[in-house]
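Input: one structure, supplied below.
Lettering of chains follows the sequences in order, A, B, ..., and the numbering in each one begins at 1.
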Amino acid sequence: MEDKEILQAFKVSSDKGFAFKKLVQEYQERIYWHIRKIVISHDDADDVVQETFIKVYKNLDSFREASQLFTWIYRIATNEALNHLKKKQRKQAISINDVYQELENHLTQGVQIDGDEIQIKLQKALLKLPEKQRLVFNMRYFDDLKYDDIAEITGTSVGALKASYHLAVKKIEEYLESN
Amino acid sequence: MKNSNHDSNSLNDKRLRKHPFTVEDNYFNELTDNIMNAVDAEESDLKYNLHLRKSPFTTPNGYFEQLSNKIEGAIKQEPKSIPLYQQTWVRLASVAASAIILATLYFTLPKTGVNNVNLDGFSDEAIIEFLESENALVDELLVNLDEIDSILDVIYEDETGVFVDAIQENPELEYDFEYFEY
């Protein structure tokens, strides 16, 4: 089912449930992995992916189709994931650096992680980056998204995104070489 | 014909060949570095390292098969939130409060409507003078409103100035501030 068909079906109350299920089935894996790379832990990603789709469900009627459906969902997922980290920080009354330290510990001690040394090292390098650079790198490097799409998701210009990506690559290479 | 000659003559003006655009000092020195960095990043070993591109994260078996049902269940459990202004008690309370305010104003404000005033004993000049003084009062109030606006502008600048300074010092923050609109 194409995005357009999903959106049209969602407007018909009798097809709403069916259309939304199709949407979830279409996007759940991509969105889960996107969130997982931000929050690292599977349990957190599981919570955030559900929150994300609840938000999508509540707001789909007001989706103006000014952007693509998938970039809109990615944007919600990104916000939810970043908010999740901020909530975690507030709840535990710790600094954002401590949150990132926790995420780093989870990479080596957590469950549902099955990478070799170099893959884990790359994830650790990513946790050292500023939030925006980490996001851009994830979307470009792992998800292979176009800069135009990343620009829609992050609301940032393509030029700024390219600069962020290049900086991220430089820092990661330095990290991988020095560690 | 004459016009086109005139146009081409005008365009021959050497000053026109100088464009009005400028760049920051050192822009082109930095541009070289930026382009080289961009090329390096695009050609980076990272990009072609398929092993590194593999994410180390896994999910429990059958996770995605159950996820859509889980989301469906979560949506059904979600309490239907009604905005505050749409809740019945808030609407009733608003209507009651408005009625009380209107009734209070009706009974307490002095009845000075023009219809109730007997103008027979006043000369035309006196009435004109009175109306002009009333207008002067309205003008004064409008001037005060302008002052209030400028005071509010100062307060707004005070409150947002911190964010503007922070964004100028650290452009990364702009993303945080604008990110949560969708």
Side-chain angles (χ1 to χ4, degrees), chain A residues 17 20-21 24-25 28-29 32-33 36-37 40 42 45-46 49-55 57-59 67 72 75-76 78-79 82-83 107 111-116 118-123 130-133 135 141-142 144 154-156 160 162-170 172-173 176, chain B residues 27 30-83 167 169-182:
Chain A
F20 187 68
K21 191 153 191 159
V24 172
Q25 283 167 347
Q28 60 177 9
E29 282 200 43
Y32 169 86
W33 289 118
R36 180 77 190 270
K37 286 195 285 280
I40 307 294
H42 166 72
D46 185 43
V49 74
Q50 290 181 54
E51 287 301 321
T52 298
F53 279 103
I54 289 172
K55 278 244 159 88
Y57 183 82
K58 284 180 172 173
N59 293 289
S67 57
W72 183 69
R75 191 174 170 98
I76 296 175
T78 309
N79 288 344
L82 295 177
N83 274 340
L107 279 171
V111 288
Q112 299 298 342
I113 292 187
D114 183 25
D116 61 19
I118 184 75
Q119 290 167 341
I120 299 291
K121 204 185 253 184
L122 173 61
Q123 291 298 324
E131 200 170 67
K132 187 176 178 185
Q133 285 176 22
L135 280 174
Y141 188 74
F142 292 110
D144 235 349
T154 56
T156 315
K162 284 183 179 171
S164 288
Y165 180 73
H166 301 147
L167 271 176
V169 168
K170 209 172 171 186
I172 290 168
E173 285 181 333
L176 294 179
Chain B
Y27 171 74
E30 285 170 15
L31 183 62
T32 315
D33 289 342
N34 289 342
I35 292 170
M36 294 315 290
N37 287 340
V39 172
D40 282 351
E42 285 303 318
E43 294 300 310
S44 153
D45 289 343
L46 275 179
K47 193 173 176 182
Y48 300 103
N49 190 329
L50 296 178
H51 181 69
L52 266 180
R53 280 191 171 217
K54 213 173 149 236
S55 155
F57 306 122
T58 61
T59 56
N61 287 336
Y63 173 70
F64 289 112
E65 284 79 51
Q66 294 158 10
L67 184 58
S68 59
N69 289 333
K70 226 170 165 180
I71 291 168
E72 215 178 339
I75 285 170
K76 280 180 187 157
Q77 277 178 7
E78 185 77 2
K80 206 174 177 189
S81 65
I82 303 168
I167 286 170
E169 280 170 21
N170 185 3
E172 294 288 335
L173 286 172
E174 187 170 9
Y175 170 78
D176 285 341
F177 294 144
E178 69 185 13
Y179 204 65
F180 295 96
E181 305 160 9
Y182 52 79

Look at the rings of A:Trp33 and B:Phe64 and say which category their plane angle falls in: under 30° parallel, 30 to 60° tilted, over 60° perpendicular. tilted
If you define the side chain from C-beta out and look only at heavy atoms, does anything of A:Lys21 sit under 4.5 Å from B:Ile71? no
Using non-hydrogen atoms only, which part of A:Gln123 is less than 4.5 Å away from chain B: side chain, backbone, both, or neither? side chain
Got a second to check how far B:Phe57's CZ is from A:Lys37's NZ, nearest 0.5 Å? 8.0 Å
Could you tell me the separation between the NZ atom of B:Lys76 and the OH atom of A:Tyr57, rounded to the nearest 0.5 Å? 9.0 Å
In terms of heavy-atom pairs under 4.5 Å with chain B, the winner among A:Glu29, A:Gln25, A:Gln50 is A:Glu29
A:Lys121 versus chain B, heavy atoms under 4.5 Å apart: side chain, backbone, both or neither? neither
Do A:Phe142 and B:Leu52 have side chains that approach each other closer than 4.5 Å (heavy atoms only, starting at C-beta)? no
Segment of A:Ile40 engaging chain B (4.5 angstrom heavy-atom cut-off): both
Mind checking the OH-OG spacing from A:Tyr141 to B:Ser55? Nearest 0.5 Å is all I need. 11.5 Å
Picking from A:Asp46, A:Leu176, A:Leu107, A:Leu122, which has the most non-hydrogen pairs under 4.5 angstrom with chain B? A:Asp46
Grab the two heavy atoms, one from B:Thr59 and one from A:Gln112, that are nearest each other, plus how far apart they are. C-OE1, 3.2 Å
Heavy-atom contact with chain B under 4.5 Å, split by part of A:Asp116: side chain
Distance in Å, B:Arg53 CZ paired with A:Gln119 CD, rounded so as to fall on 0.5 Å steps: 13.0 Å
Shortest non-hydrogen contact from A:Gly115 to B:Pro56? CA-CB, 3.4 Å
